[in-house]
Undergrad: 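One structure, pasted below without further comment.
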Amino acid sequence: MRAQRLAKLDDLLNAGIKPYGHRVDDVCAAAEALAMFERSEEGAEGELRTRIAGRLMAVREMGKSIFADVRDQSGRLQVYAKKNVLGEDAFGLFKKLDIGDIISAEGSLFRTRMGEVTMKIETFDLLTKSLRPLPEKWHGLTDVEQRHRQRYLDLISNREVQELFQTRAAVVREIRNFLDERGFIEVETPMLQAIPGGAAARPFETYYAALDSAMYLRIAPELYLKRLLVGGFEKVYEINRNFRNEGLSRRHNPEFTMIEIYEAYSDCRGMMELVESLITTVAGRVLGTLEIQFEDETVINLQRPWRRVAYHDLVEERMGEDWFQVEDEERRKRGEKHGLHIPQGSSTAEATNEVFEKLIERTLIQPTFVTRLPAELVPLAKRCEDNPELVDVFELEIGGQEIAPGYSELNDPLEQRRRFEDQVQRVHGTAEEVSGRIDEDFLTAMEHGMPPAGGMGMGIDRLLMLLTGSPSIRDVILFPQMRPRQTPLDSNQK
RNA sequence: GCGCCCGUAGCUCAGUUGGCAGAGCAGCUGACUCUUAAUCAGCGGGUCGUAGGUUCGAGCCCUACCGGGCGUACCA
């Protein structure tokens, strides 16, 4: 089929027609052309001239006249090519066009007998010859692998995909608006880091030739954003990519977009207020509703205020009032009874975390702030004033998954050092060894004095999954990570 | 990494118990000057993911590998 199209390309060149055109001025969007016609009302027939440009999506040929659908980003407009209007040569050329070609067309608008607003073409140009066929017009492209590897075909074929990514852009734009309106400034911090900090994850390693040294793609921007608090910026945020060298899943892509927000003189509660307000405002502005369909039967209601509940209370509710008092062995047994595997020698916090992640998290469908987590789980957070075993943090859960963690930031440099050292000891000898290295420059910054602050992070991709009802993170990332192919995509095309 | 499922024409899909690889769309030729999943007549198009094996005979059964989906593991 490609060979046929290449032959057509030759024919065009021989006929002196350039198959790859240039700039087109005064292009009217298809949707705008339709609206213009509706506004002008009937009687104006034939008087409304305009020019459109787009891709040929369907052709209905009927002898000496042809109807075709032209699509641009705004929508679709039917065009009508008539032999006795275009003349022999131009009509002949139009007949040669393929579905998938990109053209511009100029003519007047009218309404067909079937009632569709249509452009009667007076002149047209081939702007881009397409050498490969489009996916099927009715069923579109459904093969998941191909939709991801050749997202452009998915975008052409499946209109709602384009809309989803418009929504994604709108969400990010509204997040920026919301924060900018409140005096936050957006910053950019290093993606290439000598010591990847701010989270516990295996990093991607790379090499910087000019410095002859190993570098890592960042796993979080946290330690740099805090340096900015030291520097005197009081309200900062960054929206950018993080990279984690871990498995792929429905909820995980190795590069994902994260927003982190820091506000000096605030705390955990301040951040809960902020994120509650942020998400409801953005959802309201972009979706126009705070009720979100979730997995067909359930509706998530984002109406404020959101539930706040202590981590310990949730665990006791599920595993018994005395969960934190009993012997390790008893905890292990209770876990097994619920189908959990808790290895011998697990600490109370580890066993409890297993319970939370496996049994409780997925039940938190409506927005819920889970607060007061065990200190060893969050080394960068401040301890609760009334209980040094716990840290003053929240994990926002919506739709059964973690959307955003936040906390009162630890700003005591000496304790920060101890907490880092504890962490390094815990992960010593594992794959994350490297991420356990201590960022001394960060501790130096802290010793200069970081104001008390609240901070939070939120996975943008997961927020989009929630807001768009997408079951997989790959649905909300234009080009999700795929295993490289050994054979090119078109190896079987002749 | 492990488990289950999937891979047939450019796309969407059939393919019986192991017995000549099919349809629709797209493409090509022809007819048709208001069609819209246009219609009508005809034609071309295949490394059945790859490589082995079993068999007189494999799209179908077996093994390995490649790619994908879901689950699981890793992921403060």
Side-chain angles (χ1 to χ4, degrees), chain A residues 1-5 7-8 57-69 76 78-86 91 96 98-100 110-116 118 120 130-150 153 156-157 197-203 219-220 222 242 244-252 254 256 341 349-350 353 356-358 373-381 391 393 395 402 405 407 419-420 422-423 426-427 430-432 435-436 457 471-472 474 480 482-487 489-494:
Chain A
M1 189 166 292
R2 184 161 171 269
Q4 278 177 341
R5 296 258 177 126
K8 273 193 186 180
M57 295 302 289
V59 177
R60 294 174 290 281
E61 202 183 315
M62 322 190 19
K64 298 186 179 62
S65 71
I66 301 173
F67 287 90
D69 297 338
R76 185 193 80 107
Q78 178 168 262
V79 297
Y80 180 41
K82 221 174 161 180
K83 190 171 189 178
N84 63 5
V85 174
L86 285 174
F91 188 77
K96 279 212 173 67
D98 285 303
I99 290 172
F110 71 105
R111 192 182 291 275
T112 66
R113 262 173 231 160
M114 299 302 288
E116 178 160 356
T118 298
K120 185 182 291 177
S130 164
L131 298 180
R132 294 178 187 268
L134 250 31
E136 213 240 7
K137 65 180 170 188
W138 191 242
H139 299 93
L141 187 66
T142 61
D143 181 79
V144 176
E145 179 179 1
Q146 208 174 346
R147 287 183 53 199
H148 293 153
R149 286 195 195 274
Q150 293 180 279
L153 292 180
I156 291 170
S157 259
R202 191 205 299 199
I219 55 176
E222 177 155 355
N242 289 344
R244 297 186 182 178
N245 203 339
E246 284 151 10
L248 292 159
S249 84
R250 212 161 57 81
R251 292 178 213 77
H252 299 263
F256 61 98
H341 177 66
E350 283 165 346
N353 202 43
F356 181 75
E357 285 183 358
K358 295 285 152 57
L373 270 63
E376 73 172 80
L377 297 180
V378 195
L380 290 153
V391 279
V393 306
E395 282 188 358
E402 187 181 339
Y407 30 99
R419 301 267 285 276
F420 276 159
D422 286 351
Q423 182 196 17
R426 266 201 304 280
V427 301
T430 71
E432 286 105 66
S435 65
S472 169
R474 291 174 216 112
M482 301 290 273
R483 193 181 293 270
R485 284 181 58 113
Q486 303 207 312
T487 51
L489 282 166
D490 67 342
S491 65
N492 53 359
Q493 286 186 15
K494 288 280 131 52

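Here the structure is a predicted model, which is why all the values come from computation and not from measurement.
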Undergrad: Watson-Crick or G-U wobble partner for G22(B), using a 3.5 Å limit on both distances?
TA: C13(B)
Undergrad: Taking NZ, NE, NH1 and NH2 as the nitrogens, is one of them in Arg251(A) or Glu402(A) under 4.0 Å from a carboxylate oxygen of the other?
TA: no
Undergrad: Check every strand shown and say whether Val378(A) touches a base, only sugar-phosphate, or nothing at a heavy-atom separation below 4.0 Å.
TA: nothing
Undergrad: Using whole Å, what does the distance between atom P of nucleotide C13(B) and atom CG of Asp143(A) come to?
TA: 8 Å
Undergrad: Applying the Watson-Crick and G-U wobble criteria at under 3.5 Å, what pairs with C2(B)? Answer none if nothing qualifies.
TA: G71(B)
Undergrad: Would the distance check show the side chain of Arg60(A) and the main-chain N or O of Phe67(A) forming a donor-acceptor pair, the cut-off being under 3.5 Å?
TA: no
Undergrad: Considering heavy-atom distances to RNA chain B, does Arg76(A) or Asn353(A) have its closest nucleotide positioned more toward the 5' end?
TA: Arg76(A)
Undergrad: Is there a donor N/O on one and an acceptor N/O on the other, under 3.5 Å, for the side chain of Glu376(A) and the base of A76(B)?
TA: no
Undergrad: Look at Arg132(A) and G10(B) and indicate whether a side-chain polar atom (N or O) is within less than 4.0 Å of OP1 or OP2.
TA: no
Undergrad: Could you tell me how far apart Arg60(A) (CZ) and C40(B) (P) are, to the nearest whole angstrom?
TA: 16 Å
Undergrad: Protein-nucleotides 70-73 of chain B N/O pairs closer than 3.5 Å?
TA:
from: C70(B); atom 1: OP2; to: Arg474(A); atom 2: NH1; distance (Å): 2.8
from: C70(B); atom 1: OP2; to: Arg474(A); atom 2: NH2; distance (Å): 3.4
from: G71(B); atom 1: OP1; to: Arg250(A); atom 2: NE; distance (Å): 2.6
from: G71(B); atom 1: OP1; to: Arg250(A); atom 2: NH2; distance (Å): 3.4
from: G71(B); atom 1: OP2; to: Arg250(A); atom 2: NE; distance (Å): 3.2
from: A73(B); atom 1: OP1; to: Lys358(A); atom 2: NZ; distance (Å): 3.2

Undergrad: Hunt down the Watson-Crick or G-U wobble partner of A41(B), both distances under 3.5 Å, from any strand shown, or write none.
TA: U29(B)
Undergrad: For nucleotides 25-32 of chain B, give me one character per nucleotide, 5' to 3': B if any protein heavy atom sits under 4.0 Å from the base, S if the only such contacts are to the sugar-phosphate, - if neither.
TA: BBSS---B
Undergrad: What residues, two or more places apart in sequence or in another chain, satisfy ring pair (Phe, Tyr, Trp, His ring centres under 6.0 Å) together with Phe256(A)?
TA: none
Undergrad: Return the value, rounded to whole Å, for the distance between atom CD of Glu145(A) and atom C1' of C11(B).
TA: 15 Å
Undergrad: Can you name the side chain to side chain contact (heavy atoms under 4.5 Å, CB included) partners of Asp98(A), sequence neighbours left out?
TA: Arg5(A), Lys8(A), Asp101(A), Lys129(A)
Undergrad: Grab the CE-C1' distance between Met57(A) and A38(B) for me, whole Å please.
TA: 17 Å
Undergrad: Main chain of Gly197(A), side chain of Glu222(A): is a donor-acceptor contact present, judged purely on distance under 3.5 Å?
TA: no
Undergrad: Rounded to whole angstrom, note down the C1' distance from U72(B) over to U36(B).
TA: 49 Å
Undergrad: It should be established whether Thr118(A) places a side-chain nitrogen or oxygen under 4.0 Å from OP1 or OP2 of nucleotide U36(B).
TA: no
Undergrad: With a 3.5 Å limit on both atom pairs, tell me what U54(B) is paired to, counting Watson-Crick and G-U wobble, or say none.
TA: none
Undergrad: State which residues pass salt bridge (charged side-chain N to carboxylate O under 4.0 Å, His left out) with Lys358(A); sequence neighbours excluded, sorted by chain then number.
TA: Glu354(A)
Undergrad: Just jot down the ring pair (Phe, Tyr, Trp, His ring centres under 6.0 Å) partners of Phe91(A), sequence neighbours excluded, or say none.
TA: none
Undergrad: May I ask you to verify whether the side chain of Thr112(A) and the base of U35(B) hold a donor-acceptor pair under 3.5 Å?
TA: yes
Undergrad: Rounded to whole angstrom units, what separation is found between the CD atom of Gln146(A) and the C1' atom of C13(B)?
TA: 14 Å
